[in-house]
Visitor: 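I'd like to ask some things about the structure below.
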Number of protein chains: 2
Amino acid sequence: MAKFTKTDNCKNCVDCNKKIPLFQLLTKAELTELNTSRYEVKFKAGETIFKQGTSATHLLILTSGLAKFYVEGVQEKQLIIRIIKPWEIVGQASLYFDNRHHYSIAALDDCTACFIEIESFKKMIRQNPNFAEDFITQCTRKGVFSYEKMVSLSQKQMHGRIADGILYLSKRIYESNQFSLHLSRQDIADLTGMSKDSAIRILKEFHNEGIIELDGKNLNVLNAEQLERISETG
Amino acid sequence: MAKFTKTDNCKNCVDCNKKIPLFQLLTKAELTELNTSRYEVKFKAGETIFKQGTSATHLLILTSGLAKFYVEGVQEKQLIIRIIKPWEIVGQASLYFDNRHHYSIAALDDCTACFIEIESFKKMIRQNPNFAEDFITQCTRKGVFSYEKMVSLSQKQMHGRIADGILYLSKRIYESNQFSLHLSRQDIADLTGMSKDSAIRILKEFHNEGIIELDGKNLNVLNAEQLERISETG
DNA sequence: GTTATTTGTTGATAAATGTCGATTTGTATT
DNA sequence: AATACAAATCGACATTTATCAACAAATAAC
């Protein structure tokens, strides 16, 4: 179970706030107000942070670690929508809807998570138009990301989807061509909408063709251009 | 080509505004301001209203007719994200992003469309917190809708996806069990992420099994419960 | 009304993808 | 190191889905 350590290793909210672009639009007073309701929880790899269907009372910001953002689909299958990195604000979808989590978040790694009370966040939206605008910007970006993901999932074949998945991890998450993967093969399958066996097969193919080098959890993107090409042709 | 008839049969913006829930949060003065920049355009069935990739300067509200909201995927294929009905505000995704349309809108029917200048809309967001909040609510609802759609597209088999498509049209769009379809068979395929041939096949199956009655464009949902069941089991 | 063109329909076939079982590898525990 | 357990791997096979060709029906153009 997750260990509750209320603002233990997060004594300095101010420094932490500086890392969150959205929060730089707040005044010192507003930040202080937001920080009073914050608390921190540590999660071990594999633990569930938010569970789909439970009630949403707080927004989430990771301060360390990685997590998967997924929805629970048919027959216990997971669909990983995206990977959560530190300093991203998570929980928008529930903010003004029905106060339920419509997705689950699970730690892919040991994580430190900071929780912000929804009502104080809403207050900032109401009283600070810059904050509201920036927040809406993030929502709309996610919308466009969703459309691209839908195209990938529904119109591309397995090679294109795996290429999309690798490029997403490499460009958006790890921001490097070479990284140590936090996702299992099953996670990669859940991210790209296919069976685990198929994901393994395509990854092996890419490896054999020299497009990537994959050894256990170590992934090295050798030919990003070709991945882009595979992504585009579907 | 679309015929431009600047506020011709839309002399009374006030009445029109009453039909748009979001606009009821605005003051009389704000509404007047928004209305000064509005103009109306008529589109014939099949015409493109927004084209993906072009620059976005206005938001769209249909005052009559139906349109499809789709993204252009791989190999000229379309993915229909949703169907647009009158009084829904369309264009959020571009509002605060890069002022480009990331999707296309095409009339499924003869449509009357009203365009609202983005900047005056943004001004309302800044000056009216209720308006901003409600707008965010709509964005988040669309987010949740997207997740459900992704699950449908990536985890359900054709029967489940067609069931989802029919239920969507019946419950959300036409709000009736019996209606005259504005979508072609190809459109239904694009809405459910499959080939036209496959869509026709499943529809025929549902027809033969007495779940629906489909004759040309006339669709009658005979057994909605069974459609729900098919949707859930994938 | 007749012709041309699109849209819809169907069966046969091929391609893509999932499932299953067996085996191996890796990791944690004692 | 030995054991237990989970994750990864792989080939064979079954199922799902797309593609193609041929044709029918509906619609638009003349």
Visitor: For F145(B), does the six-membered ring have the charged nitrogen or CZ of K142(B) within the cation-pi criterion, i.e. under 6.0 angstrom from the centroid and within 45° of the normal?
Guide: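 No cation-pi geometry.
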Visitor: Do any of residues 71-84 of chain A sit with a heavy atom less than 4.0 Å from DNA chain D, and if so which?
Guide: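 None, since no heavy atom is under 4.0 Å.
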Visitor: With a sphere of 6.0 Å drawn around CG of D215(B), does it hold more than 12 non-hydrogen atoms of other residues, nucleotides or ligands?
Guide: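 Open.
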Visitor: Categorize S195(B) for me: base, sugar-phosphate, or nothing, with a 4.0 angstrom heavy-atom threshold over every strand shown.
Guide: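 Base contact.
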Visitor: With sequence neighbours excluded, what pairs up with K156(B) under the salt bridge (charged side-chain N to carboxylate O under 4.0 Å, His left out) test?
Guide: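 For K156(B) the salt bridge (charged side-chain N to carboxylate O under 4.0 Å, His left out) partners, ignoring immediate neighbours, are D164(B).
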Visitor: Within less than 4.0 Å of OP1 or OP2 of dG18(C), is there a side-chain N or O belonging to S198(A)?
Guide: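 Answer is yes, contact under 4.0 Å.
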Visitor: If the test is side-chain contact (heavy atoms from CB on, under 4.5 Å), which one of E205(A), M194(A), R201(A) qualifies with I162(A)?
Guide: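 Between I162(A) and the candidates, side-chain contact (heavy atoms from CB on, under 4.5 Å) is satisfied uniquely by M194(A).
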Visitor: For F97(A), give me all partners under ring-ring contact (aromatic ring centres under 6.0 Å, His included), at least two apart in sequence or on another chain.
Guide: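 Once residues adjacent in sequence are excluded, the partners of F97(A) under the ring-ring contact (aromatic ring centres under 6.0 Å, His included) criterion are H102(A).
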Visitor: Enumerate the protein-to-nucleotides 24-30 of chain D contacts in which both atoms are nitrogen or oxygen and the separation is below 3.5 Å.
Guide:
none

Visitor: Bend across the helix from dG1(C)-dC30(D) to dT30(C)-dA1(D), to 10°, with axes taken over 5 pairs at each end?
Guide: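 If I round to tens, the end axes sit 50° apart.
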Visitor: Toward the 5' end of DNA chain C, which comes first, I202(A) or Q186(B), by nearest nucleotide?
Guide: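 Its nucleotide being nearer the 5' end, the pick is Q186(B).
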Visitor: Could you tell me how far apart E205(A) (CD) and dT17(C) (P) are, to the nearest whole angstrom?
Guide: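 Answer to the nearest Å: 11 Å.
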Visitor: Take nucleotides 9-16 of chain C nucleotide by nucleotide from the 5' end and write B, S or -, depending on whether a protein heavy atom sits under 4.0 Å from the base, only from the sugar-phosphate, or from neither.
Guide: BBBB---S
